[in-house]
Amino acid sequence: DGGITQSPKYLFRKEGQNVTLSCEQNLNHDAMYWYRQDPGQGLRLIYYSQIVNDFQKGDIAEGYSVSREKKESFPLTVTSAQKNPTAFYLCASRDRTYEQYFGPGTRLTVT
Amino acid sequence: AQSVSQHNHHVILSEAASLELGCNYSYGGTVNLFWYVQYPGQHLQLLLKYFSGDPLVKGIKGFEAEFIKSKFSFNLRKPSVQWSDTAEYFCAVNVFGNEKLTFGTGTRLTIIP
């Protein structure tokens, strides 16, 4: 069963701690993306990667970091530098027709 | 940079009413257009997409959208909504050859039985 998996579904952290969100895909897609979804703001692009060992900043990359060591995996680290980290985070991959496929998301709460 | 506008933030309709959700984009070149839907508690999933050809595209669950290039619009329609259409709907635009997909702010649709 192909798709995108994100874990965990809910994540709670104290302010000042870094936290890493997992994203795995078995769709054999080269391109992967991280978005942040906030109420009334739609989806905003954090980082994307077109190929292994390469990634680019999206529109709101400050306070986040990523790695792409394997085609299947694109983890996102929310660092303590991110001023407003509490949000719903979505991971996606893209096929050759530019359609994006989304994971179930991780809801991060930082207190 | 391209932008996408969805002017309807929250739409409330009764079952069997007709639906039209607006989507306008700002880029003048060749674009790929998408509508995604997020049902409560579910993944964001594709409703329909337009790349080229017939500007009237049909998607899943009876939805359709019309690309009007002169108006930079890609409005979503459904002739008769059901309670199960309650969801959040996002319009998205990809500039041809660009990696990024730009999303609108979304329209929350509530269907009253």
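In this structure, chain B has a heavy atom under 4.5 Å from the side chain of A:Y48, while its backbone stays farther away. Of the two parts of B:Q45, neither the backbone nor the side chain holds a non-hydrogen atom closer than 4.5 Å to a non-hydrogen atom of chain A. Of the atoms belonging to A:L43, heavy atoms from both backbone and side chain fall under 4.5 Å from chain B.
Between the side chains of B:Q6 and B:T105, no donor-acceptor pair is found at a separation under 3.5 Å. When only modelled atom types and interatomic distance are considered, B:H10 and B:T110 share a side-chain donor-acceptor pair under 3.5 Å. A donor atom on one side chain and an acceptor atom on the other are not found under 3.5 Å apart for B:S73 and B:N75.
Taking 4.5 Å as the limit, every side-chain heavy atom of B:V93 sits out of range of all side-chain heavy atoms of B:F34. Side-chain atoms of A:Q6 and A:L90, non-hydrogen and from C-beta on, do get closer than 4.5 Å to each other.
Highest contact tally toward chain B, considering only A:A31, A:G40, A:P39, is held by A:G40 [criterion: heavy-atom pairs under 4.5 Å].
Within residues 99-111 of chain A, the residues having any heavy atom less than 4.5 Å from a heavy atom of chain B are, in residue-number order, A:E99, A:Q100, A:F102, A:G103, A:P104.
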Verdict with reasoning, B:F90 to B:Y36, per ring-ring contact (aromatic ring centres under 6.0 Å, His included): CA-CA 5 Å; B:F90 294 93; B:Y36 282 87; 8.6 Å; no
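Between B:F72 and B:Y25, the ring center distance clears the sub-6.0 Å criterion.
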